[in-house]
Amino acid sequence: MRLSRYYLPTLKEAPADAEVISHRLMTRAGMIRKLTAGVYNYLPYGWKAIRKVEEIVRREMDRAGSLELRLPAVQPADLWIESGRWEHYGKELLRFKDRHERDCCLGPTHEEVITDMVRGEVRSYRQLPLSMYQMQTKFRDEIRPRFGLMRGREFIMKDAYTFDRDDAGADESYRGMFEAYKRVFSRLALEFRAVEADSGSIGGSFSHEFMVLAQTGEDTIVSCTGCTYAANVERAQLPPVLDRDETEPPAVEEVFTPAQHTVEELAIFLSVEAGDIAKTLLFNVDGRPVAVLVRGDREVNEIKVKNLLNAENVRLALPEEVTQWSGAGVGFAGPVGLKVDTILADFELDARRGWITGANKDDAHLKNVCLHRDVKNVRFADLRTAVDGDLCPVCQSTLKAMRGIEVGHVFKLGTKYSQSLNAVFLDEAGKEQLMIMGCYGIGVTRVVAACIEQNHDTDGIIFPPPMAPFEVFLLNLDPKDQAVNAKAEELHDFLESSGLDVLMDDREERPGVKFKDADLCGAPMQLVLGGKSLAKGIVEAKDRRTGEKRELPLDRFAEAFEAWKKEVYAGWKMDV
RNA sequence: CGGAGCGUAGCGCAGCUUGGUAGCGCGCCUGCUUUGGGAGCAGGAUGUCGCAGGUUCAAAUCCUGUCGCUCCGACCA
C-alpha cells in the first residue's frame with residue numbers, strides 16, 4: 001500500500017477531550033474519530049487493526065470447535081420480557097419503538113436471541129453440545145462513556161455461547177473456551193492474566209476475566225507470587241490470620257474524641273496508626289442492619305458481605321439509619337453494646353485483642369476493645385478487599401496487586417436462560433432436561449485500545465506484530481529521485497509478495513514528517529530508504545519497540561530482512 | 001441522577017469582564033527555496049462565533065431558553 005493513496009489523517013495535537021493515552025494516540029494516528037459520545041468512526045488504519053484482532057479470535061474460536069454465525073442487532077422486547085431482563089437490565093439497554101409501536105432494543109448481548117433460536121431447533125441430546133459465536137457491534141447506553149474505545153457505547157464484541165446436556169459437559173465447554181482465550185491473548189502478544197471474577201448473582205456458577213496489564217486499567221487484580229492464583233480484588237479471597245497476639249488488653253476505656261469522624265482524623269488525634277483502629281460500618285442488608293468491622297486502613301468488600309449473608313441487596317446505611325441503629329452520628333459506631341443482631345469482623349481483627357472503636361456515642365471512642373471479650377455475637381470472616389502484600393488463600397505466599405483492563409470474560413451460566421426461556425431437550429431416557437449454558441465475550445475494540453495502553457512510548461503507538469495494521473512502514477525519503485523511487489517500489493513489492501502488510505510513505509514530505517508519522521502509527525518494523533542509504537547500498541531498519549537500528553545490505557536484502565524480522569519478532573512474547 | 005466546565009476555521013486556542021461587525025498557532029491551497037527527525041519566505045482559501053429567542057442604533061461579547069460535548073461525584077465513617 002502506498003501512503004499517497006491511503007487515508008491516514010494524523011494529528012500533531014490530540015483533541016482536548018481525549019484523556020487516556022489510547023484514545024489520544026488512536027485519534028492522532030488516524031485510527032478513530034469520534035462521531036458522538038461513546039461512538040466512533042473506525043478509519044481504515046484503525047479498522048485494519050480491529051480486523052487483525054478479529055482474525056486471530058476467529059481462528060481460535062474455530063479451532064475450539066465453535067461455529068460462527070451472525071445474530072441481529074435489533075431485538076424484540078418480547079424475548080427480554082420473557083427472560084426478565086427487560087425489567088432488570090436498566091438504562092444501559094437502549095430501547096425504542098418501531099413504526100407499529102412495538103418495543104425493541106439494540107442488543108447489548110445476545111443470550112436471549114441465541115437461546116430462542118436454539119430452543120426452536122434443538123430437541124434431542126444427540127444435537128448437543130453446541131457452541132456458536134459471532135463478532136458484532138453491540139450497543140450499551142453507558143451512563144458516562146469515557147476513555148475512547150475503552151468504554152464506548154457502541155463497540156465490537158465477540159460473543160460465544162455454549163449449550164450442553166449436563167454439568168460435566170458444560171464444564172468441558174468452559175475449559176475449552178478458557179484455553180482458547182489464553183491462546184488468543186498470547187498470540188496477540190499481550191501481557192495478561194486470567195483471574196477469578198465474581199460470578200454476580202447467578203448462584204453455583206463461576207467465571208474468569210482476562211485482564212490486560214496496564215497502569216491505566218480500571219480494575220485491580222491480585223496475582224500470587226508463589227502459585228498461579230490470580231483474582232479480581234472484588235473476588236480475591238483472603239485466609240484467616242495465623243499469627244495471633246492473644247495478650248488480653250486492660251479494661252475498655254472511653255476517650256473523648258470531639259468531632260473526629262474519619263479514621264484519618266482519629267488516628268492523628270490519638271497519635272495511633274489507622275491500622276490500630278477497627279472501624280465499624282453499618283450496612284442495610286435486605287432491610288436489616290448489619291455491622292461490619294475492618295481495620296481502619298482497609299476497605300469492606302460489599303460483594304463478600306453479600307455472598308456471606310446470601311443477601312439480595314447490600315448498601316451502606318444512610319446517616320439517619322446510622323443514628324437510629326448506633327445511637328450516634330456517623331463516625332462513632334462501634335461493636336460494644338451495639339444493638340444490631342449481625343456483627344461481622346474481618347479475619348484480620350482476630351490478629352490481636354486491643355482495638356480502638358467507636359463508642360456509639362457522639363464524640364467518643366473506646367480503647368482496649370477486645371472483640372472476643374467485649375462483644376458477644378461477633379463473627380469473623382473474610383470481608384475486606386485484598387490489597388498488595390496480602391497472603392494468597394491457596395499457598396500463603398504474597399499477593400501482588402496490579403492494574404488491568406478487562407478484555408475478556410468467560411462465564412458459566414448454568415440454566416439461568418434455559419430456564420427462563422425454556423430451552424429444553426430430551427435425554428436418553430426421554431426425559432426433558434434444561435440445557436446448561438455458558439457465555440464468553442471478548443471486547444474486540446477494547447483489545448486494540450488496551451494493547452495501545454500497554455504498548456506505547458512518547459513518540460506514539462508500538463504495535464505488536466500480530467495486531468499491527470502494517471507490519472512494515474517503508475519510508476521512501478526521496479520519492480522524486482528516480483533511483484531511490486525505483487528501489488523503494490521494488491522493496492515494497494517484494495515485501496508485499498512475501499505476505500506482509502507494507503505501507504510505503506511515498507508522500508512528497510520532508511523526512512522529519514515521515515519519521516514522526518511512522519513512530520506515531522507504530523508499525524513494529526521501519527525501513528528507511530533515501531539517497532544516502534541507496535548510495536551506501538543499504539536500507540536502514542529500525543525496530544520500533546527498541547529503537548535499535550540496523551543496516552540491511554540491498555544486494556542480499558531478502559535474507560538480511562528475514563533475519564532481522566526474526567529478531568524483531570523474538571522481542572515480542574508471542575505464543576503462536 | 002447531582003455538581004462543574006466548555007461549544008469561535010479541519011485541530012489546538014485567544015477575544016467575552018468594559019457590546020462597535022473576528023484573530024493566533026498548526027493544518028490546507030499556490031509559487032520559490034529547502035530536503036535524514038514535525039522547514040523558510042511570499043501569497044491565498046476557509047467562520048450563519050452550537051442553535052433559538054430577547055435587550056440594543058449595534059451582540060462572539062449582555063439576558064433567557066435549548067441542544068451538544070467534557071470532567072468530577074454517587075456516600076468506607
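Lettering follows sequence order; numbering is per chain, from 1. Here the structure is a predicted model, which means the values were calculated and not measured.
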Answer with base, sugar-phosphate or nothing: what part of the nucleic acid does [X] contact at a heavy-atom distance below 4.0 Å?
{"X": "A/K91", "answer": "nothing"}
{"X": "A/R315", "answer": "nothing"}
{"X": "A/K34", "answer": "sugar-phosphate"}
{"X": "A/L475", "answer": "nothing"}
{"X": "A/A14", "answer": "sugar-phosphate"}
{"X": "A/L318", "answer": "base"}

Geometric cation-pi criterion, A/R353 with A/W355: 6.0 Å, 45°: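 Pair A/R353/A/W355 does not count as cation-pi.
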
Which residue lies more 5' along RNA chain B, comparing A/V263 with A/D17 via nearest heavy atoms: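 Going by which nucleotide is closer to the 5' end, it is A/D17.
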
Nearest-nucleotide 5' precedence on RNA chain B, A/E19 against A/L477: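 This one resolves to A/L477.
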
Smallest separation among heavy atoms of A/L495 and A/F557, with atom names: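 It is CD2-CE2, 4.1 Å.
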
What nucleotide among [options] has an atom nearest to a side-chain atom of [X]?
{"X": "A/K542", "options": "B/G36, B/G37, B/A77", "result": "B/G37"}
{"X": "A/R146", "options": "B/U35, B/G38, B/C71", "result": "B/C71"}
{"X": "A/R144", "options": "B/G73, B/G37, B/C11", "result": "B/G73"}
{"X": "A/P15", "options": "B/A77, B/G38, B/G12", "result": "B/G12"}
{"X": "A/V330", "options": "B/C13, B/U70, B/A77", "result": "B/A77"}
{"X": "A/E302", "options": "B/A74, B/C76, B/C69", "result": "B/C76"}
{"X": "A/F515", "options": "B/G12, B/C76, B/G36", "result": "B/G36"}
{"X": "A/P511", "options": "B/A77, B/G12, B/G36", "result": "B/G36"}
{"X": "A/L282", "options": "B/C76, B/A77, B/C1", "result": "B/A77"}
{"X": "A/V513", "options": "B/G36, B/G38, B/C76", "result": "B/G38"}

Side-chain N,O (A/R33) to OP1/OP2 (B/G10) below 4.0 Å: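 So the side chain of A/R33 is outside the cut-off, no N or O lying under 4.0 Å from OP1 or OP2 of B/G10.
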
Contact under 4.0 Å: A/K279 side-chain N or O vs B/A77 OP1/OP2: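 A/K279 to B/A77 OP1/OP2: side-chain N or O found under 4.0 Å.
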
Tell me which nucleotide, if any, is Watson-Crick or G-U wobble paired with [N] when both distances must be under 3.5 Å.
{"N": "B/C32", "answer": "B/G40"}
{"N": "B/G53", "answer": "B/C63"}
{"N": "B/U48", "answer": "none"}
{"N": "B/U18", "answer": "none"}
{"N": "B/A58", "answer": "none"}
{"N": "B/C6", "answer": "B/G68"}
{"N": "B/G27", "answer": "none"}

Pairing residues for A/D543 by the salt bridge (Lys or Arg N to Asp or Glu O under 4.0 Å) criterion, not counting sequence neighbours: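 By the salt bridge (Lys or Arg N to Asp or Glu O under 4.0 Å) rule, A/D543 matches no residue at all.
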
Provide the distance between the two [atom1] atoms, one in [N] and one in [M], to the nearest whole Å.
{"N": "B/U66", "M": "B/C29", "atom1": "C1'", "value": "38 Å"}
{"N": "B/U17", "M": "B/A59", "atom1": "P", "value": "14 Å"}
{"N": "B/U18", "M": "B/U61", "atom1": "C1'", "value": "10 Å"}
{"N": "B/A42", "M": "B/G47", "atom1": "C1'", "value": "25 Å"}
{"N": "B/G20", "M": "B/G3", "atom1": "P", "value": "34 Å"}
{"N": "B/C63", "M": "B/C71", "atom1": "C1'", "value": "27 Å"}
{"N": "B/C1", "M": "B/A39", "atom1": "P", "value": "48 Å"}
{"N": "B/A60", "M": "B/U48", "atom1": "C1'", "value": "12 Å"}

I need the [atom1]-[atom2] distance between [X] and [N], as an integer number of Å.
{"X": "A/L529", "N": "B/U35", "atom1": "CG", "atom2": "C1'", "answer": "15 Å"}
{"X": "A/I143", "N": "B/G2", "atom1": "CD1", "atom2": "P", "answer": "13 Å"}
{"X": "A/E299", "N": "B/A77", "atom1": "CD", "atom2": "P", "answer": "8 Å"}
{"X": "A/N485", "N": "B/U35", "atom1": "CG", "atom2": "P", "answer": "19 Å"}
{"X": "A/E142", "N": "B/A74", "atom1": "CD", "atom2": "P", "answer": "18 Å"}
{"X": "A/F283", "N": "B/C75", "atom1": "CZ", "atom2": "P", "answer": "11 Å"}
{"X": "A/N284", "N": "B/C75", "atom1": "CG", "atom2": "C1'", "answer": "14 Å"}
{"X": "A/L11", "N": "B/G27", "atom1": "CG", "atom2": "P", "answer": "12 Å"}

Hey, does the side-chain of [X] have a donor or acceptor N/O within less than 3.5 Å of a partner on the base of [N]?
{"X": "A/T36", "N": "B/G68", "result": "no"}
{"X": "A/R510", "N": "B/U34", "result": "yes"}
{"X": "A/R28", "N": "B/G12", "result": "no"}
{"X": "A/E509", "N": "B/G38", "result": "no"}

Ring centers of A/H365, A/F269 separated by less than 6.0 Å: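 Centroid separation for A/H365 and A/F269: 6.0 Å or greater.
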
Check: A/H456 ring centre within less than 6.0 Å of A/F463 ring centre: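 Not under 6.0 Å, so no.
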
Under 3.5 Å side-chain donor-acceptor pair for A/E540 and A/S533: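 On atom types as modelled, these side chains do not qualify, holding no pair under 3.5 Å.
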
Parallel, tilted or perpendicular: ring planes of A/Y45 versus A/Y6, cut at 30 and 60 degrees: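 Perpendicular, since the angle between the ring planes exceeds 60°.
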
A/W47 and A/Y42 aromatic ring geometry - parallel, tilted or perpendicular at 30°/60° bounds: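 A/Y42 vs A/W47 ring planes: parallel.
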
With A/R384, the salt bridge (charged side-chain N to carboxylate O under 4.0 Å, His left out) member among A/E302, A/E299, A/E348: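 Of the listed residues A/E302, A/E299, A/E348, the salt bridge (charged side-chain N to carboxylate O under 4.0 Å, His left out) partner of A/R384 is A/E348.
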
A/R24 and A/E19 ion-paired at < 4.0 Å: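 Looking at A/E19 together with A/R24, the answer is no, because their closest N to O distance does not fall below 4.0 Å.
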
